[in-house]
Amino acid sequence: MARKYFIAGNWKMHNNTSETSELLNAIKQNFKNINEAEVLVAPSFTSLQTASKILEGTQILIASQDCHYEDTGAFTSAVSPVQVKEFASHVILGHSERRSVFGDTDDTINKKLKSVLLHQLKPILCIGETLEQRESGKTLEVLKGQLDGGLAGLQAQDLETLIIAYEPVWAIGTGKTASPQQAQETHEQVRTHLATMFGQDFADKTQILYGGSVNPENVDNLMAQPDIDGALVGGKSLDAESFLRIINFEVK
Ligand code: PGA
C-alpha cells in the first residue's frame with residue numbers, strides 16, 4: 001500500500017518569534033516538494049501563532065511539541081489541546097526528552113493522546129529504546145510496551161490520523177544514526193506489532209517516521225527503506241537549506 005512520505009521538523013526549545021519568522025520565510029521562499037511529502041514544523045508554544053500566520057495558505061503543517069490532557073484549569077505552565085488547536089493540526093507526544101526530562105509515562109501519554117484525538121488534532125506518537133535497552137536485546141519489548149501503553153483503550157477507527165515516530169534514544173542529537181538496515185528492521189517490527197494490535201490494514205496504512213540525527217547526507221538511504229515513511233528531524237530542521245534538502249530526499 002502506498003503511504004505518503006511525511007517530513008517533520010522538531011525545533012525543540014529553539015527560536016524566538018523573529019527567528020521563527022526568518023526560518024519559515026526562508027523555507028517558504030525556496031519551498032519545493034519533489035516527493036509530494038506531507039511537511040510539518042513543530043516550533044515552541046511561543047512561536048505557534050507566528051508560525052501559523054506565516055504558513056497560512058502554504059502546504060506546511062504545524063504541530064506543537066506536546067500538550068496537557070486537560071482542556072483548561074489550574075495547571076500552571078501547561079498548554080491544553082484546545083489552546084494548541086488555534087494554531088496547529090498535529091501534536092507530538094511521548095518524545096524521548098518528554099519521557100526522560102519531564103517524566104512523561106506511557107499512561108500520561110495515553111491520556112494526552114486520547115485528549116488530542118477528542119479535539120480532532122493528529123497525534124505523532126514517539127517511541128524509542130535507549131542504548132542500554134538495545135544492547136541488552138530489549139528493543140522490541142520496550143517498543144511494544146510503549147505502543148501498548150500509549151495506545152491503550154483505543155481502536156483502529158479512533159486512530160486513523162495516528163503517526164508513529166521511531167526514534168532510538170541513542171541516535172537523538174548524537175550524530176549517530178541507526179543504519180538504514182537497523183532502522184528498517186525495527187520499523188518492520190513496529191508495523192508487525194501494529195498489525196497484531198489493530199489489524200493488517202491499519203498497520204499497512206500507518207506512517208512510521210524515523211528520527212535520530214537525520215541529515216541531508218543520510219536521508220536518501222533511510223527513505224529508500226520500505227517501512228520508513230518519513231523523518232522526524234531535530235537539529236537539521238533549524239537550518240532552511242538542510243531541512244529543504246531533507247524534504248527533497250532522493251530515493252534512487
Ligand atoms: P535530532 O533530533 O535530529 O537532532 O537527532 C530528533 C528528535 O529528537 O526528534
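Along the sequence shown, the residues carry numbers beginning at 1. Both backbone and side-chain heavy atoms feed into the values below; hydrogens, waters and symmetry mates do not. Note that ligands are numbered from 1 as they come in the structure, with each ligand's atoms numbered from 1 the same way.
Using a 4.0 Å cut-off between heavy atoms, Glu167 contacts ligand 1 through its side chain alone, with no backbone atom that close. By the criterion of a heavy-atom distance under 4.0 Å, the side chain of Asn10, and not its backbone, is placed next to ligand 1. Contact annotation for Ala171 and ligand 1: only backbone heavy atoms (N, CA, C, O) come within less than 4.0 Å of the ligand.
None of Leu232, Thr177, Thr186, Val233 except one satisfies the side-chain contact (heavy atoms from CB on, under 4.5 Å) rule with Tyr210; the exception is Thr177.
Listed by number with element, the atoms of ligand 1 under 4.0 Å from a non-hydrogen atom of Gly235 are 1 (P), 3 (O), 4 (O). Which parts of ligand 1 touch Ser213 is read off a 4.0 Å heavy-atom cut-off, strictly below it: atoms 1 (P), 3 (O), 5 (O). With ligand atoms numbered from 1 in the order given, ligand 1 contributes 2 (O), 7 (C), 8 (O) to contacts under 4.0 Å with heavy atoms of Lys12. Within ligand 1, counting atoms from 1 as listed, the ones closer than 4.0 Å to a heavy atom of Gly212 are 5 (O). For ligand 1, the atoms sitting less than 4.0 Å from at least one non-hydrogen atom of His95 are 7 (C), 8 (O), 9 (O), numbered in the order shown with element in parentheses. Residue-ligand proximity, Gly173 to ligand 1, at heavy-atom distances under 4.0 Å covers atoms 1 (P), 4 (O), 5 (O).
Residue Gly211 has no N or O atom closer than 3.5 Å to an N or O atom of ligand 1. At under 3.5 Å, not a single nitrogen or oxygen of Val233, backbone or side chain, sits near a nitrogen or oxygen of ligand 1. Considering both main-chain and side-chain atoms, Gly234 comes within under 3.5 Å of ligand 1 through a nitrogen or oxygen pair.
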### Task
Under the side-chain contact (heavy atoms from CB on, under 4.5 Å) rule, what do Ser96 and Val101 come out as? Steps first, then yes or no, please.
CA-CA 8 Å; Ser96 75; Val101 183; over 6 Å; no
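At least one cation-pi condition fails for Lys112 and Tyr69: the charged atom is not both under 6.0 angstrom from the six-membered ring centre and inside a 45 degree cone around its axis.
Under 3.5 Å, the side chains of His187 and Asp229 contain no donor-acceptor pair of N or O atoms. Side-chain N/O atoms of Asp106 and Gln146 include no donor and acceptor closer than 3.5 Å.
Taking the six-membered ring for Trp and the full ring otherwise, Tyr5 and Phe249 have centroids separated by under 6.0 Å.
With sequence neighbours excluded, the residues that form a ring pair (Phe, Tyr, Trp, His ring centres under 6.0 Å) with Phe6 are His90. Partners of Arg98 under the salt bridge (Lys or Arg N to Asp or Glu O under 4.0 Å) rule, at least two apart in sequence or in another chain, are Asp66, Asp104.
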